Amino acid sequence: MIFEIELQCDYPQWWRYNLYLSLAGYDDSRRRVDFATFTDTVYDVTGREHAGPPPGWSADRGAAVRCTAPEYAEAFINVVTNTLPVTNRVGDCPDFGALLIGRCDGREILRRTIHVNCWGGFSLSGLELRPDKE
């Protein structure tokens, strides 16, 4: 089976976040048989502030990763802040949503909105994808 996770977001400040997606595939004995990653680093995390996205940056980041597994897969998702919000007023920077989609052999088995904190980003480890779950 081919498992896939995809992350979509239309937040105008999406460039302020680096993306790290991983997908591990397992057999029925819980042995890892495949592992794949996707990384999109817009800016290195250095503490330096950036006024906007780099030249040529596109909001359509192609944030998806696939792996093969006979039984199930586990997803690991990290959205890391590379540039802090333009204001330090919490009320001016609420969490924003990104759509997480999981598929098995092209069939959607997961659709969930994750909530990304403007300062802290988002992290999720060990989300199981199984072909029999919808």
Side-chain angles (χ1 to χ4, degrees):
M1 291 179 280
I2 299 172
F3 290 91
E4 178 183 13
I5 55 169
E6 179 181 357
L7 191 60
Q8 302 173 356
C9 185
D10 60 4
Y11 179 59
Q13 302 291 307
W14 192 221
W15 60 269
R16 293 181 182 273
Y17 303 87
N18 296 337
L19 307 179
Y20 306 95
L21 310 177
S22 300
L23 199 55
Y26 294 88
D27 65 14
D28 58 358
S29 297
R30 299 188 56 89
R31 287 185 301 233
R32 190 173 77 187
V33 296
D34 196 8
F35 186 78
T37 62
F38 169 89
T39 300
D40 183 19
T41 304
V42 179
Y43 288 114
D44 288 334
V45 180
T46 61
R48 182 173 165 221
E49 294 299 310
H50 302 280
W57 182 82
S58 170
D60 180 13
R61 299 169 80 167
V65 65
R66 291 181 180 162
C67 79
T68 303
E71 193 66 27
Y72 71 99
E74 281 185 334
F76 302 86
I77 299 143
N78 289 287
V79 179
V80 178
T81 306
N82 65 47
T83 303
L84 294 174
V86 294
T87 177
N88 61 3
R89 291 182 47 133
V90 173
D92 293 341
C93 299
D95 291 358
F96 63 91
L99 181 61
L100 175 63
I101 301 169
R103 295 182 186 90
C104 178
D105 291 333
R107 183 175 59 88
E108 190 172 296
I109 57 174
L110 171 77
R111 177 174 284 260
R112 176 187 300 176
T113 299
I114 63 169
H115 300 279
V116 181
N117 180 278
C118 287
W119 287 274
F122 177 85
S123 182
L124 176 67
S125 296
L127 173 67
E128 283 193 10
L129 298 174
R130 293 187 178 268
D132 54 350
K133 289 194 175 180
E134 297 221 27

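Bear in mind the structure is a predicted one, so any value in this text is a computation, not a measurement.
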Could you grab the distance from atom OH of Tyr20 to atom OG of Ser123, nearest 0.5 Å is fine? 12.0 Å
Is the shortest heavy-atom distance from the side chain of Arg61 to the side chain of Trp14 under 4.5 Å? yes
Just how far is it from atom CD1 of Ile5 to atom OG of Ser22, taken to the nearest 0.5 Å? 7.5 Å
Where does the angle between the aromatic ring planes of His50 and Tyr43 fall among parallel (under 30°), tilted (30 to 60°) and perpendicular (over 60°)? parallel
Looking only at heavy atoms, which two atoms of Thr81 and Gly121 are closest? And how far apart? OG1-N, 3.7 Å
Please name all residues satisfying side chain to side chain contact (heavy atoms under 4.5 Å, CB included) with Leu127, sequence neighbours left out, ordered by chain then number. Ala75, Leu100, Leu110, Arg112, Leu124
Check whether more than 12 heavy atoms from other residues, nucleotides or ligands sit under 6.0 Å from atom CG of Asp92, and answer yes or no. yes
Is the number of heavy atoms from other residues, nucleotides or ligands under 6.0 Å of Asp60 CG greater than 12? no
So with a 6.0 Å cut-off around CG of Asp10, is the heavy-atom count from everything else above 12? no
Exam field: side chain Asp34 to backbone Gly25, donor-acceptor pair closer than 3.5 Å: no
Distance, nearest 0.5 Å, that separates CZ of Phe3 from OH of Tyr72: 10.0 Å
Sequence neighbours excluded, which residues qualify as side chain to side chain contact (heavy atoms under 4.5 Å, CB included) partners of Val45? Asn18, Val80, Asn82
Could you tell me which residues satisfy salt bridge (Lys or Arg N to Asp or Glu O under 4.0 Å) with Arg103, sequence neighbours excluded, listed by chain and number? Glu4, Glu6
Report yes if the side chains of Asp95 and Phe122 come closer than 4.5 Å at any heavy-atom pair, otherwise no. no
I'd like to check Pro12 versus Phe96 (side-chain heavy atoms, cut-off strictly below 4.5 Å). Are they in contact? no
Walk me through it: do Ile109 and Arg130 pass the test side chain to side chain contact (heavy atoms under 4.5 Å, CB included)? CA-CA 8 Å; Ile109 57 174; Arg130 293 187 178 268; 5.9 Å; no
Please examine the side chains of Arg16 and Val116, heavy atoms only from C-beta on, and report whether any two atoms are closer than 4.5 Å. no
Do Val42 and Tyr17 come within less than 4.5 Å of each other through their side chains, counting heavy atoms only? no
